[in-house]
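First the structure, in the form of structure tokens, and then the observations on it.
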Amino acid sequence: MDYLNSLNESQRKAVTHTEGPVMIIAGAGSGKTRVLTYRIAYLIQNGVDPYNILALTFTNKAANEMRQRIEKVVGAEARNLWMGTFHAVFARILRAEAEKIGYTKNFTIYDTDDSKSLIKSILKENNLDDKIYKPNIVLNRISAAKNRLISPGEYMNNPIITNEDKENMRPELGRLYKIYSERCYKAGAMDFDDLLFNTSILFRDHLDVLNKYQNRFKYVMIDEFQDTNLTQYYITRKLAAQNQNICVVGDDAQSIYAFRGADIQNILNFAKDYPDLATYKLEQNYRSTKTIVNAANDVISKNKNQLPKHVFTENEEGNLIEVLKANSDNEEGKLIATSIFESKMLHQLKNNDIAVLYRTNAQSRPIEEALRKMNIPYRIVGGISFYQRKEIKDLLAYLRYTINPNDEEAFRRIINYPRRGIGDATVLKIIATTEEQGANLWDVLCNIKSIIPGRGSEQVEDFVNLIKTFQKSVDEKDAYEAASMIAKESGILKELYDDKTPEGVARFENVQSLLNAIKAFTDDPENEDKKIGAFLQQVSLLTNADETKNEEGDKVTLMTIHSAKGLEFKHVYIAGLEEDLFPSQTMLTSREDLEEERRLFYVAVTRAEKWLTLSYATTRYRFGKLRPCEPSRFLTEMNPKYLRLSSKIITQEEIPLSYNHNVKTSAKNLVSSSKPKIKYTMPPDFKPSDTSDLQKGMRVEHPKFGYGTVIKMDVNGTDRKAVIDFEEVGEKTLILTFAKLRIHPQQN
DNA sequence: GCAGACTCACTTTTT
DNA sequence: GTGAGTCTGC
């Protein structure tokens with residue numbers, strides 16, 4: 001156990017104090033993951049069966065990383081450890097115990113889109129205005145209730161909550177919550193919050209089950225404790241009630257998920273609930289320079305709500321924090337790209353050592369453009385997940401529906417895709433019938449003749465028979481064989497194969513890679529259950545952040561601050577430090593919200609090891625307009641002695657004209673807009689996320705003039721003139737304004 | 001049932 | 001500015 005020697009005193013105490021309740025307050029960069037890893041390794045090496053250890057994290061990424069680190073220390077034994085996100089672990093328990101709470105083991109997990117779509121249909125059926133009952137608000141409200149362990153019944157009987165809803169002119173929310181829950185239950189589905197909520201129900205109502213897991217999990221550990229909500233806390237407290245071996249690790253200064261129900265109170269309550277609690281504080285930062293640690297402390301000290309602690313470092317003083325000021329968002333991108341180029345040269349950095357962090361995903365575009373121009377490779381974490389893509393969701397919906405034919409949202413997705421002549425009217429009638437009769441969706445479909453006697457029922461019967469053959473195949477075959485068969489027989493593959501547009505080809509390839517992923521799942525010897533059901537359970541809890549590992553190579557990382565949590569880079573850039581953007585305008589309604597923004601900034605700053613660059617722009621395109629911006633208050637909250645204003649001379653801005661990110665949409669808008677717009681024919685190496693300039697030699701299409709080739713580009717202020725030789729009408733000069741893809745035809 | 005025209009929300013972050 | 005969604009007329 002020589003690794004113990006590599007720890008400082010408080011770290012070592014936190015690792016070796018294994019019995020009884022322990023709370024570890026771990027400042028940023030204080031070696032939190034090391035402590036957790038070694039703690040588990042220490043337990044195992046002291047004779048604790050890995051089978052008896054439960055470690056809960058917030059992201060799959062964190063769970064995987066920790067598992068790998070533990071395996072390095074203790075070897076393959078770590079395999080039996082239960083380590084995963086709250087949602088994944090509870091989903092696994094629920095799958096095993098589903099019958100106890102009236103579900104089958106093949107219950108569906110609704111993602112946010114499914115939930116929203118279900119809420120929309122409930123609103124429609126109940127004639128409620130979706131402008132007042134915005135699906136997002138309804139869902140958030142329901143989610144908040146579940147995260148606070150409030151059932152629909154309790155919701156409606158709680159005068160405080162119902163009054164709140166009445167004041168907000170949404171008196172029906174309680175009823176909606178009830179209907180929503182019933183619908184999910186009938187569809188054999190749980191949303192993300194249900195995975196937690198239903199686990200707590202399971203443990204509340206079935207003491208035998210609770211006892212079983214209490215006996216199993218003799219040691220419970222929770223990472224990122226500051227981000228737990230009440231329901232999560234309640235469940236883990238119950239699990240640990242017998243053995244009292246519960247260890248939580250967190251940092252109140254890094255709590256950035258209050259918006260989804262995280263409750264810092266949990267940290268405070270923890271001490272009350274466990275009077276014999278041992279608390280350890282990890283205050284030495286090993287990651288960053290003195291300058292960065294002190295500047296971060298400057299900012300976070302402005303928060304009133306926090307536990308007393310003093311984060312310090314014995315690292316070198318380090319470089320001053322550079323502040324870049326740009327005239328616009330595009331220029332900000334350029335300054336950052338230039339600075340990255342210089343920093344790589346000056347400090348001998350690899351692209352992997354560098355990250356650009358921002359508040360919202362929308363900020364990535366100008367930075368991407370600048371990096372591309374300077375030929376600096378980058379990767380984007382986040383954005384649209386592979387599993388969010390339409391074609392992937394379509395195939396998954398077929399798989400979901402086959403194993404759970406009461407899954408209403410999957411049904412809506414696939415009933416008429418590919419087209420089989422079943423329209424909205426028929427679907428509405430089917431859903432209405434299930435509601436009226438209190439029947440199951442699948443039973444209604446199997447008896448469709450008695451509901452819709454004449455037209456349309458044949459198509460539905462064909463659909464039912466199709467699903468029946470799928471069910472047979474799922475029962476008999478493994479996940480890969482069944483999925484390939486379903487992809488083919490459902491017509492999805494053919495539909496996409498016939499689409500020869502670049503996007504269609506990409507979609508076809510995406511479906512193929514989903515099938516490959518299923519094959520990998522089937523071939524993985526670690527997976528005992530090779531059926532589709534097991535695959536789906538796993539896949540529905542994956543998120544976009546989990547795909548970064550596929551992106552290899554030496555690249556600069558671009559991501560939101562939220563996804564940067566737990567990571568570190570030698571040189572960190574924080575972009576868009578403008579009031580209203582960061583701190584975000586929508587967040588500035590209360591002091592608590594501002595404090596969460598400040599914690600977010602603290603998280604961003606403390607990702608940096610050696611160099612930190614902050615940037616802001618004085619004007620920025622937001623919501624389609626160029627708006628003036630003020631520097632963020634976070635900049636002034638830092639002691640100026642840590643800062644160095646960049647002396648770079650800012651050049652007159654050159655405004656790039658770029659492709660849309662989503663080519664399909666631009667094509668669609670082209671057709672639908674009354675104003676003529678220009679359409680580019682994409683170069684052969686064009687990728688959907690590509691953005692680059694219109695250049696000489698490119699082939700374009702114009703709705704009025706047809707096809708042509710760009711023979712000259714002129715830049716004049718914010719306008720760019722393109723001289724295009726059209727095949728039908730000859731040469732035309734078109735002015736392309738900043739607005740993408742739009743032309744002003746009056747000049748020709 | 002579908003294509004095209006038009007409207008409007010969305011700009012937070014994740015499981 | 002963008003994308004999703006709805007409306008309208010065939």
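dT14(B) atom P lies 14 Å from atom CZ of F58(A), rounded to whole Å. Counting to the nearest Å, the C1' atom of dT15(B) and the CG atom of L196(A) are 8 Å from each other. Counting to the nearest Å, the P atom of dA9(B) and the CG atom of L139(A) are 19 Å from each other. If you measure from atom CZ of F601(A) to atom P of dT12(B), you get 20 Å, rounded to the nearest angstrom. Residue I109(A) contributes atom CD1, which lies 19 Å from atom P of dT14(B) at whole-angstrom precision. The CG-C1' distance, from L195(A) to dT15(B), rounds to 8 Å in whole Å. Rounded to an integer number of Å, the gap from Q363(A) CD to dC10(B) C1' is 15 Å. For E597(A) and dT12(B), the CD to P distance is 10 Å, given to the nearest whole Å.
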Set out, line by line, the N/O atom pairs under 3.5 Å between protein and nucleotides 8-10 of chain C.
none

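Listed for the Q363(A) side chain is a donor-acceptor partner under 3.5 Å among the backbone atoms of T360(A).
In the set dT12(B), dT14(B), dC2(B), the nucleotide with an atom closest to the side chain of T360(A) is dT12(B). Of the candidate nucleotides dT15(B), dT13(B), dC10(B), dT15(B) has the atom lying nearest to any side-chain atom of H87(A). With dT14(B), dC10(B), dT12(B) as the candidates, the nucleotide lying closest to the side chain of T59(A) is dT14(B). Out of dT15(B), dC10(B), dT14(B), the shortest distance to the side chain of N136(A) is found at dC10(B). For K124(A), counting side-chain heavy atoms from C-beta on, the closest listed nucleotide (dT6(C), dT12(B), dT13(B)) is dT6(C). Among the nucleotides dT13(B), dC10(B), dT15(B), the one closest to any side-chain atom of F192(A) is dT15(B).
Using P as the reference atom, dT13(B) and dA4(C) are 15 Å apart when rounded to the nearest Å.
Nucleic acid contact class of T112(A) (heavy atoms, under 4.0 Å, all strands): base. Residue F86(A) is out of contact with every strand shown, counting any heavy-atom pair closer than 4.0 Å.
Between dG5(C) and K120(A), a contact under 4.0 Å exists linking OP1 or OP2 to a side-chain N or O. Using a 4.0 Å cut-off, some side-chain N or O of N361(A) falls inside it from OP1 or OP2 of dT13(B). Phosphate proximity of dT11(B) to S584(A): absent, as no side-chain N or O sits under 4.0 Å from OP1 or OP2.
Between Y185(A) and Y103(A), the distance separating the two ring centers is shorter than 6.0 angstrom.
E125(A) meets the side chain to side chain donor-acceptor pair (under 3.5 Å) test with R183(A); sequence neighbours excluded. Residues satisfying the salt bridge (charged side-chain N to carboxylate O under 4.0 Å, His left out) test with D407(A), not counting sequence neighbours, are R400(A). Scored by the salt bridge (charged side-chain N to carboxylate O under 4.0 Å, His left out) test, K494(A) finds D498(A) as partners (sequence neighbours excluded). For R420(A), the side chain to side chain donor-acceptor pair (under 3.5 Å) test picks out Y398(A), with sequence neighbours left out. Scored by the side chain to side chain donor-acceptor pair (under 3.5 Å) test, D111(A) finds K393(A) as partners (sequence neighbours excluded).
Nearest-nucleotide assignment on DNA chain B puts the 5′-proximal partner with N416(A), out of N416(A) and L600(A).
Between F411(A) and F463(A), the angle of the ring planes goes over 60°, which puts this pair in the perpendicular group of the 30/60° scheme.
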